[in-house]
Protein chains: 2
Amino acid sequence: MTTIDDVARAAGVSVSTVSYALSGKRPISAATRTRIERAVQELDYRPHAGARALASARTNVLALMAPLRVDVNVGVIMQFVTGVVTRAQYFQHDVLLLTQDDHAGVERVAAGSMVDAVIMMDVEADDPRLAILRRQRQPAVLIGLPRDATGLSCVDLDFEAAARTAVAHLTGLGHRAIALLGSPQTVLDRHTTYAARLVHGFDDETSRRGLNAVFEPTESSHAGAVLALDRAFARLPRLSALVVHNEAALPGVLASLRERGLRVPQDVSVVAVCPQDVAVGQPQQLTAVDIPAVRIGGVAVEMAMGRLERDDPAETRLISPVLTARESTGPAPA
Amino acid sequence: MTTIDDVARAAGVSVSTVSYALSGKRPISAATRTRIERAVQELDYRPHAGARALASARTNVLALMAPLRVDVNVGVIMQFVTGVVTRAQYFQHDVLLLTQDDHAGVERVAAGSMVDAVIMMDVEADDPRLAILRRQRQPAVLIGLPRDATGLSCVDLDFEAAARTAVAHLTGLGHRAIALLGSPQTVLDRHTTYAARLVHGFDDETSRRGLNAVFEPTESSHAGAVLALDRAFARLPRLSALVVHNEAALPGVLASLRERGLRVPQDVSVVAVCPQDVAVGQPQQLTAVDIPAVRIGGVAVEMAMGRLERDDPAETRLISPVLTARESTGPAPA
DNA sequence: CTCGATCGTCGAAGCGCTTCGACAAGGTAG
DNA sequence: CTACCTTGTCGAAGCGCTTCGACGATCGAG
């Protein structure tokens, strides 16, 4: 292994000079800098991460706690992860992957000074992990919105507004009876807040507008989609529009509609709430409120870096939803 | 931050005694050990990862290079990742996530002594990253099978045998005209070897058995599936069986068959090559050769640890395929 | 008994890096 | 010309941990 000592010797300067030349924290003459850089090149010098962490109290690593359950939304999770990793790269940080249920993980990793900050996905309303997070000296950013976010930064799509946007779009097309096919019951029970926030926005907006509306939790499978749709039609026989917030159920919902002899959008309009690529990857291009997962992941990293480098205060950022009209929505049938 | 010094003082022993008590590398009397453990508890002591890495040349971190492209098989990738993270946890290791195309990543992370070993997914036949891997002092394990694996450990499903198994199953049911709907052309072009190995096994086995067989690359979308199926029928009008090796195209293939008025399995039998949960998550339970992604990820970690701790020699492990018959295959129509 | 292991503990020497304080050599303002 | 600042460099003191060698105490074998 080549060390900073080797470089210093090769360049004919002291160790500290090499360090300063590399970090730029003190002025170094052009000539010296050049000699040092050449030495670094020639010796293929790479600073020892541990040594650096020990001396500088900075690791250039971010912890990302992600729900690695294989059940739902894997694609969406992946997009968040991609957003985080990509943006972290920009800030010269690597990403340490922790699983949701490795409760001790955050503590081990933060208390052991392995990471500079923590990003946590899939936050629940009263998440027990928040207490751990608050106890650490590293900043934390949540993707999601707990009941009490004191001292922690949060970022997420404004799911409440997302529901309102979808409802507004459908109302504008004349629909008066709308069903929301949402997250699985288990997700709701876990009090993952995005699911609840969407439902709340939906309920609120539809009742404000005096619409006929029902909400059905939906299991993430073909069969679950069929059942949820059955229940929705049972409760609201004249429904002409659907808001679907469940990526995995989407294909089942569309197939089931076809099976009932209902055409989209002539008989039933469908608005999805999902990442864009999911919306356009269906047999039919879906009108959708985008979940900008990659972007949200990126913003999470930026917020973490802001707190780290500029000591930005903790804040909550809700990203405004954008609806893109495609082929799955049209005027309500007469 | 509480350090090992604090613990030593609290327990009334020297620093080195604490270290030995905690690592178990030298005998320590029960009494002393108890006092130390109590002190650790009370002070909530957690060793500084950087310091430990510096002194011991071990980081307890594994690098995992995964293809974070959002395009294909996200679910499958996630399963590999889950397998790796879970098994790593067992070995007290955390996982540093690197993206495929962060070429400098491995080098930075390995040369900088941030990790004890590297696991690399989605290896191509002549992967340029292998050279980098060979240059590092940390062991590397590939998930996949490059042309030349000298010095590197590999693990993967035996895709060649997987194809043979699928073909054997179908032949046993009397099918004589079989199409393989495989990976997208782009994956083939990248020379990701699992795709090619499956095709090779398929070609070889079908010709050995004197069957009518065609192979069609398949784009990972509904539309791609429809097109591939069209081409297959054009080339082999009397085909009665399909082997599908493309998770994302699976729903499209099934839908398209139905649209053609073909029943599964009465008119056409389908064998999928995919993870089990994908096979049983379809509208119809599919007969499938399982891709045991979680397990493979776990084995990769075990191999890495073996090399690290027992200096096991590099080896290549191909996992034997297992076919589970479900509802999508039946006797060939008369 | 005596000698050599073994056990239990300690002190000190690093591991490779960052950073603080010092200092010489110029530059600039008054 | 003096006083002071800036620039460029160096030496040394850690950062918190592991590990080597040493040493007294115990113990069993001869």
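Order of the sequence lines sets the chain letters (A, B, ...), proteins ahead of strands, with each chain counted from 1.
In this structure, the salt bridge (Lys or Arg N to Asp or Glu O under 4.0 Å) partners of A:E107, at least two apart in sequence or on a different chain, are A:R135, B:R46. In terms of the salt bridge (Lys or Arg N to Asp or Glu O under 4.0 Å) criterion, residue partners of A:D6 (sequence neighbours excluded) are, by chain and number, A:R9. With sequence neighbours excluded, no residue satisfies ring pair (Phe, Tyr, Trp, His ring centres under 6.0 Å) with B:F80.
Note on B:S14: a side-chain N or O is less than 4.0 Å away from OP1 or OP2 of C:dC10. Dashed line: the shortest gap from a side-chain N or O of B:K25 to OP1 or OP2 of D:dT19 is under 4.0 Å. Taking only side-chain nitrogens and oxygens, B:R52 never comes nearer than 4.0 Å to OP1 or OP2 of D:dG16.
Within the 4.0 angstrom heavy-atom criterion, base atoms lie near B:S19. Backbone-only contact: A:T32 has heavy atoms under 4.0 Å from sugar-phosphate atoms and none from a base. Within 4.0 Å of A:P47, counting heavy atoms only, lie sugar-phosphate atoms of the nucleic acid but no base atom. Within 4.0 Å (heavy atoms only), B:V13 reaches sugar-phosphate atoms of the nucleic acid but no base atom. Within 4.0 Å (heavy atoms only), B:T3 reaches sugar-phosphate atoms of the nucleic acid but no base atom. Within 4.0 Å (heavy atoms only), B:S29 reaches sugar-phosphate atoms of the nucleic acid but no base atom.
Counting only distance, with no hydrogens or angles, the side chain of A:Q138 and the backbone of A:V115 share a donor-acceptor pair below 3.5 Å.
If you measure from atom CG of B:L22 to atom P of C:dT9, you get 14 Å, rounded to the nearest angstrom. To the nearest angstrom, P of D:dG16 lies 17 Å from CZ of A:R58. Across the protein-nucleic acid pair, A:I4 atom CD1 and C:dC17 atom P stand 5 Å apart, rounded to whole Å. Atom pair B:L54:CG and D:dC15:P shows a separation of 14 Å (rounding to whole Å applied). The interatomic distance linking B:R9 (CZ) with C:dC10 (P) rounds to 14 Å, in whole Å. One interatomic measurement links the two molecules: CZ of B:R33 to P of C:dC7, which rounds to 13 Å at whole-angstrom precision. In this structure, B:D5 places its CG atom 13 Å from P of C:dC10, rounding to the nearest Å. If you measure from atom CD1 of B:I36 to atom P of C:dC10, you get 8 Å, rounded to the nearest angstrom.
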Taking only nitrogen or oxygen atoms into account, show me every contact under 3.5 Å that the protein makes with nucleotides 22-26 of chain D, one pair per line with its distance.
from   : atom 1 : to    : atom 2 : distance (Å)
D:dA22 : N6     : B:R26 : NH1    : 3.3

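Side-chain atoms of A:H48 lie closest to C:dG16 of the nucleotides D:dA12, C:dG16, D:dT18. When distances run from any side-chain atom of A:T17 to the nucleotides D:dT9, D:dG16, D:dT18, the shortest one goes to D:dT9. Side-chain atoms of A:P27 lie closest to D:dT7 of the nucleotides D:dT7, D:dC17, C:dC17.
When each of B:I28 and B:S56 is assigned the nucleotide of DNA chain C with its nearest heavy atom, B:I28 is the one assigned upstream, toward the 5' end. Closest-nucleotide positions on DNA chain D for B:S23 and B:G50 were compared, and the one nearer the 5' end corresponds to B:G50.
Looking only at side-chain heavy atoms (C-beta outward), A:N60 and A:R52 stay at 4.5 Å or farther from each other.
In this structure, B:R197 fails the cation-pi test against B:Y194, since its NZ or CZ atom is not both closer than 6.0 Å to the six-membered ring centre and inside 45 degrees of the ring normal.
One end of the helix from C:dC1-D:dG30 to C:dG30-D:dC1 points its axis 30° away from the other end's axis, with each axis taken from 5 pairs and the angle rounded to 10°.
Judged by distance alone with a 3.5 Å cut-off, a donor-acceptor contact links the side chain of B:Y20 to the base of D:dC20.
Listed by first and then second residue, the side chain to side chain donor-acceptor pair (under 3.5 Å) pairs that reach into residues 32-41 of chain A are A:S29-A:T32, sequence neighbours excluded.
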